[in-house]
Amino acid sequence: MSQYQIAVVVGSLRKDSFNRKLADAIAKLAPPDFSFKQVQIGDLPLYNQEDDTHPAEPVQRLKGEIKAAQGLLFVTAEYNRSIPGVLKNAIDHASRPYGQSAWAGKPAGILGVSVGAIGTAMAQQHLRNILAYLDVPTLGQPEAFIQAREGLFDEAGDVGADSRQFLQTWMHRYEAWVKHHAA
Ligand SMILES: Cc1cc2nc3c(=O)[nH]c(=O)nc-3n(C[C@H](O)[C@H](O)[C@H](O)COP(=O)(O)O)c2cc1C
C-alpha cells in the first residue's frame with residue numbers, strides 16, 4: 001500500500017470537468033509511494049449547523065476520508081472569481097462541529113484550470129484564505145493557474161507536452177511538502 005494517501009477534492013461536479021481531468025492526470029505524475037483518491041462531494045447536503053449533532057452519512061464519509069489521508073489536493077474551478085459553492089460546502093462540513101475539524105494540519109496543494117485567462121487565480125487566493133484559517137499548511141510555490149487550451153491533455157488523458165514539465169516540477173515540490181509535514 002502507498003505510504004502517502006492523498007484526498008483529492010475537485011471543485012466541480014461537471015462530468016467532463018477540466019479540473020477532474022487535471023486531478024486524474026496529475027496523479028500519474030506522482031511518485032510510487034503516493035496514492036490519490038478523489039472524495040465525493042456532490043452528494044453532501046447543504047451545510048446546516050443544526051445537523052452538527054447528527055451528521056448525514058456522506059458527511060461522516062467525507063470526514064473519515066480526510067482524516068485517513070496524509071495530504072490534501074484541491075483541484076478547483078473558479079466561479080465568479082471565487083471557489084464554487086459545492087467546494088465551500090464540503091469544506092464547511094468537514095470543519096465542524098467546532099473543535100472537530102478534519103482538515104487541521106493536513107498538508108495541501110492547490111491546482112486549478114479555467115477557461116479564463118487568469119486560470120482560477122482569484123479562486124485559489126480565496127481558497128488559501130479559508131485553508132489558512134483551518135490550519136492547513138498550503139504549498140505556496142509554484143502557483144499553478146492553468147488555462148484550458150487545446151493540448152492541455154493528450155488523447156490518453158495525460159498532461160500534454162506544453163504543461164508536462166511545469167506540472168512535474170509542481171509535483172516534486174508537492175511531494176516534498178507532504179513528506180515534510182507528514183513526518
Ligand atoms: C457559474 C460560473 C461562473 C464562472 N466564473 C468564472 C470565473 O470567475 N473565472 C473563470 O476563469 N471562469 C469562470 N467560469 C468558467 C469556468 O472556468 C468553466 O466553466 C470551467 O470549465 C469550469 O471548470 P470545470 O471544467 O472543471 O467544470 C464560470 C463558469 C460558471 C458555470
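Just follow the structure's listing: the first ligand is 1, and inside any ligand the first atom is 1.
By the 3.5 Å distance cut-off applied to N or O atoms, Val113 is not counted among the residues near ligand 1. In terms of polar-atom proximity, defined here as any N/O pair under 3.5 Å, Arg20 makes no such contact with ligand 1. For ligand 1, one of its N or O atoms has an N or O atom of Asn19 under 3.5 Å away. Considering backbone and side-chain atoms alike, Val115 places an N or O below 3.5 Å from some N or O of ligand 1.
The existence of a salt bridge linking Asp92 and Arg96 is excluded, since no basic side-chain nitrogen approaches an acidic carboxylate oxygen closer than 4.0 Å. Ion pairing between Arg149 and Asp162 fails under the 4.0 Å rule for side-chain N and carboxylate O.
Summary of contacts: the protein heavy atom closest to atom 22 (C) of ligand 1 is Ala77 CB, 3.8 Å. In this structure, atom 5 (N) of ligand 1 lies nearest to the protein heavy atom Asn80 N, 2.8 Å. Summary of contacts: the protein heavy atom closest to atom 8 (O) of ligand 1 is Arg81 N, 2.8 Å. The nearest protein atom to atom 21 (O) of ligand 1, hydrogens excluded, is given as Phe18 CD1, 3.4 Å; this is a heavy-atom distance. Regarding atom 11 (O) of ligand 1, its nearest protein heavy-atom neighbour is Ser114 OG, 2.8 Å. Counting protein heavy atoms only, atom 2 (C) of ligand 1 is closest to Tyr79 CD1, 3.6 Å.
When atom types are taken as modelled, the side chain of Asp135 and the backbone of Gly105 share no donor-acceptor pair closer than 3.5 angstrom.
Checked against the 6.0 Å centroid threshold, Tyr174 and Trp170 count as a close aromatic pair.
Closest heavy-atom approach to atom 10 (C) of ligand 1 among the candidates Arg14, Gln147, Met122, Glu78: Glu78.
Side-chain contact, Gln38 with Asp24: a donor N or O sits under 3.5 Å from an acceptor N or O.
Annotation: salt bridge (Lys or Arg N to Asp or Glu O under 4.0 Å) contacts of Arg61 (sequence neighbours excluded): Asp43.
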Output side-chain donor-acceptor pairs under 3.5 Å for residues 136-145, partner residues at least two apart or in another chain, one line each.
unit_1	atom_1	unit_2	atom_2	d
Thr138	OG1	Val136	O	3.0
Gln141	OE1	Glu143	N	3.4

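For ligand 1, the atoms closer than 4.0 angstrom to any heavy atom of Gly116 are 11 (O).
Tracing side-chain contacts under 4.5 Å through hydrophobic residues (I, L, V, M, F, W, Y), one never reaches Phe74 starting from Ile146; they form parts of separate clusters. The hydrophobic clustering, which links ILVMFWY residues whose side-chain heavy atoms are closer than 4.5 Å, places Met122 and Phe18 apart.
There is a protein heavy atom less than 4.0 angstrom from atom 25 (O) of ligand 1.
By the criterion of a heavy-atom distance under 4.0 Å, the side chain of Ser12, and not its backbone, is placed next to ligand 1.
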